[in-house]
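Reviewing the structure listed below.
Chain letters run A, B, ... following the sequence lines, proteins first, then strands; residues in each count from 1. Only a predicted model underlies this, so the values are computations on that prediction, with no experimental measurement involved.
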There are 2 protein chains.
Amino acid sequence: MKSATQSALVFPETLSPATQALLDRADALCTRQGARLTQQRREILGLILSVNAPVGAYDLLEQMKTPDRRPAPPTVYRALDFLLEHGLIHRIERLSAFVPCTHLLHDDHAAGCNHDHDQDSICLHTAQFLICRSCKSVIEITNPSILDAVRTTCREQGFVIQSSSIEIEGLCAHCAAHRKTPAHQH
Amino acid sequence: MKSATQSALVFPETLSPATQALLDRADALCTRQGARLTQQRREILGLILSVNAPVGAYDLLEQMKTPDRRPAPPTVYRALDFLLEHGLIHRIERLSAFVPCTHLLHDDHAAGCNHDHDQDSICLHTAQFLICRSCKSVIEITNPSILDAVRTTCREQGFVIQSSSIEIEGLCAHCAAHRKTPAHQH
DNA sequence: AAAGGTATGTTATATTATCACATAAGCTGA
DNA sequence: TCAGCTTATGTGATAATATAACATACCTTT
Ligand SMILES: [Zn+2]
Ligand SMILES: [Zn+2]
Ligand SMILES: [Zn+2]
Ligand SMILES: [Zn+2]
C-alpha cells in the first residue's frame, strides 16, 4: 500500500446515494446477524465503498481525521475486523488492503450466509481476486470450478478448510489489451 | 508471525548433511541461472531449510546475530528477494513468512524452469499452500486441477496472470484427526 | 590496475498492526 | 429508573514488518 501521505486514492466529499443504499443494506444484513453497524463502522465501510480501489488501513485513518478528531489505528482496525467478520469487506493479503465484498453490491448474498462450512469455521464465502498491477483494480470473482478443485484437493489430503485466499496478480483485460508489445523482444 | 523475541522456532546448532546437500543443489541451480548463491544467501536459505515451519524475516535476523555481527533488516530482505526470484523459497502472504520450495527438495525442478509463462512474468511455479492453524505446518502442493481452473477462468476474463497466491488455512489431516469433536454440538 | 556491475553494510525511516487500560454507550433485568 | 453487564470506542505506547538512501566492499572483465 502506498503511504497515506502520498496515496493516490481519492475519496469523494460526500457519499453518493448509491453508496448510502449499500450502507443501508449492510446495516440490514448486520441487524439480521444480531450485530450493530455503528456510526463508526458505517463511516469506514462507506469510505471503502466509495473508492474504486483497495484501501489501506492508514488511508482510512487519514481520511477520518478532522480538526476535532484524530482517530488512532485501533479505531480503524477494530472496525475492519468487524466488517471482515460480517462478510462486508475482504482483505487482499498481497496489498495489505481492503475491498468491499461485491456480494454486498448484488442480491445473492443479501439473504445471509448459505454456504456450507462446518461449525468452527467462519463463512468461507470463498472468493478469488484478480489484482491488476497496471490500474490497481481488484476484481472479485467466485468461480465454482476453482472452488471445486480446491475443495476436492483438500478433501483428498484430509485437510479441513477454514478459510482461504486466492489472489491472482497480473493485468486486467483492459490493461492487457492496451499494453504495448515491447519492440525489442526478439 | 510471532515476535522474534518470543518465537517458538528452534534452529539447530549446525546444519544437517541433508540440508547441506540441498544447499549444494540450490547452488548448482543458481549457477545454472547465472546467479550466485553467496555465503550470506546460502546461510539464510540454510536457516529456512533447517526449520520445519514458516520463518519470519526477523526470526532470521535474530538467528544471524553473533557478538561480532549485527545484521540489519535489509541484509535479510535482500537475500529473501534473491531466493524468491530464483524459486528457492516461497512467501506465505498470510503469515508474512517464508518456506523453502519443496521442489528444491525433489528432482522435478532441478533442471530449471520449464513452466509456460510469458516474457514479462516471473516463473509462476504456481503452488498452493495448506496452512495448519494447529501445528503451524505449511504443505506445498501443486495441483493441476486447481491450476487449470485458475488459468481457464483468467483466460475467460482476459486476465493475464503474472503471479498468484493460493493459500488455504485450516487443519492438516493429522491435526483434524486428533481434534476432539465438541460434545455440545447438536 | 581501472572500470563497471553486483553484493553488502549502515543508518534512518516508513508502513502495518496490536496491546493495555481507561472511558463511554447500549442493553437487561430488577 | 437504575445497577450491572456487555459491547464499543478513546488513547498512548509499542510491536512487527519492510524499504529508502547512501557508503563501502567485492568480483569480473578488460
Ligand atoms: Zn465477497
Ligand atoms: Zn488494469
Ligand atoms: Zn515451490
Ligand atoms: Zn496440523
Margin query: Looking at A:Tyr58 and C:dA17, is any side-chain donor or acceptor paired with a base atom of the opposite kind under 3.5 Å?
Written below: yes
Next item on the list: Starting at atom CG of B:Asp81, determine the distance to atom P of C:dA7, rounded to an integer number of angstrom.
Entry: 12 Å
Note to self: Taking CG in B:Asn52 as the centre, count heavy atoms belonging to other residues, nucleotides or ligands within less than 6.0 Å. Is the count above 12?
What the structure shows: no
Next item on the list: Would you mind reading off the distance between B:Leu61 atom CG and C:dT11 atom P, rounded to a whole angstrom?
Entry: 14 Å
Next item on the list: Please identify each residue that fulfils side-chain hydrogen bond (donor to acceptor under 3.5 Å, both in side chains) with B:Ser145, with sequence neighbours left out.
Entry: B:Asn143
Notebook entry, point to check: Atom CZ of B:Phe98 to atom P of D:dA16: distance rounded to whole Å?
Noted result: 16 Å
Notebook entry, point to check: By salt bridge (charged side-chain N to carboxylate O under 4.0 Å, His left out), which residues pair with B:Arg69, not counting sequence neighbours?
Noted result: B:Glu43
Check: For B:Ala79, what residues pass the side-chain contact (heavy atoms from CB on, under 4.5 Å) criterion, not counting sequence neighbours?
Finding: B:Arg41, B:Ile44
Next item on the list: Taking side-chain hydrogen bond (donor to acceptor under 3.5 Å, both in side chains) as the test, write out the residues that go with B:Thr19, two or more places apart.
Entry: B:Ser16
Notebook entry, point to check: With respect to the phosphate group of D:dA8, does any side-chain polar atom (N or O) of A:Arg42 fall under 4.0 Å of OP1 or OP2?
Noted result: no
Next item on the list: Would you mind reading off the distance between B:Ile44 atom CD1 and C:dA7 atom C1', rounded to a whole angstrom?
Entry: 12 Å
Item checked: Under 4.0 Å protein heavy-atom contact, by nucleotide of nucleotides 23-30 of chain D - B base, S sugar-phosphate only -> ----S---
Please enumerate all protein N or O atoms sitting under 3.5 Å from an N or O of nucleotides 9-11 of chain D, with distances to 0.1 Å.
residue, atom, partner, partner atom, Å
D:dT9, OP1, A:Thr38, OG1, 2.7
D:dG10, OP2, A:Gln40, OE1, 3.3
D:dG10, OP2, A:Gln40, NE2, 3.1
D:dG10, N7, A:Arg78, NH2, 2.6
D:dG10, O6, A:Arg78, NH1, 3.1
D:dG10, O6, A:Arg78, NH2, 3.4

Item checked: Rounded distance (Å) that lies between atom P of C:dT8 and atom CG of B:Asp68 -> 18 Å
Notebook entry, point to check: Which residues pass the side-chain contact (heavy atoms from CB on, under 4.5 Å) test with B:Gln63, sequence neighbours left out?
Noted result: B:Phe11, B:Leu47
Margin query: side chain to side chain donor-acceptor pair (under 3.5 Å), that's the test. Do A:Arg151 and A:Ser164 meet it? Break it down for me.
Written below: CA-CA 11 Å; A:Arg151 290 205 178 117; A:Ser164 64; over 6 Å; no
Item checked: Length of the CD-C1' vector between A:Glu62 and C:dA14, whole Å -> 14 Å
Notebook entry, point to check: How close or far is atom P of D:dA8 from atom CG of A:Leu80, stated in whole angstroms?
Noted result: 15 Å
Note to self: Please report the distance, rounded to the nearest Å, between CZ in A:Arg94 and P in C:dT16.
What the structure shows: 17 Å
Checklist line | side-chain contact (heavy atoms from CB on, under 4.5 Å) partners of B:Gln20, counting only residues at least two apart | finding: B:Leu15, B:Leu23, B:Arg42
Checklist line | Within residues 12-23 of chain A or reaching into it, pairs that qualify as salt bridge (charged side-chain N to carboxylate O under 4.0 Å, His left out) - sequence neighbours excluded | finding: none
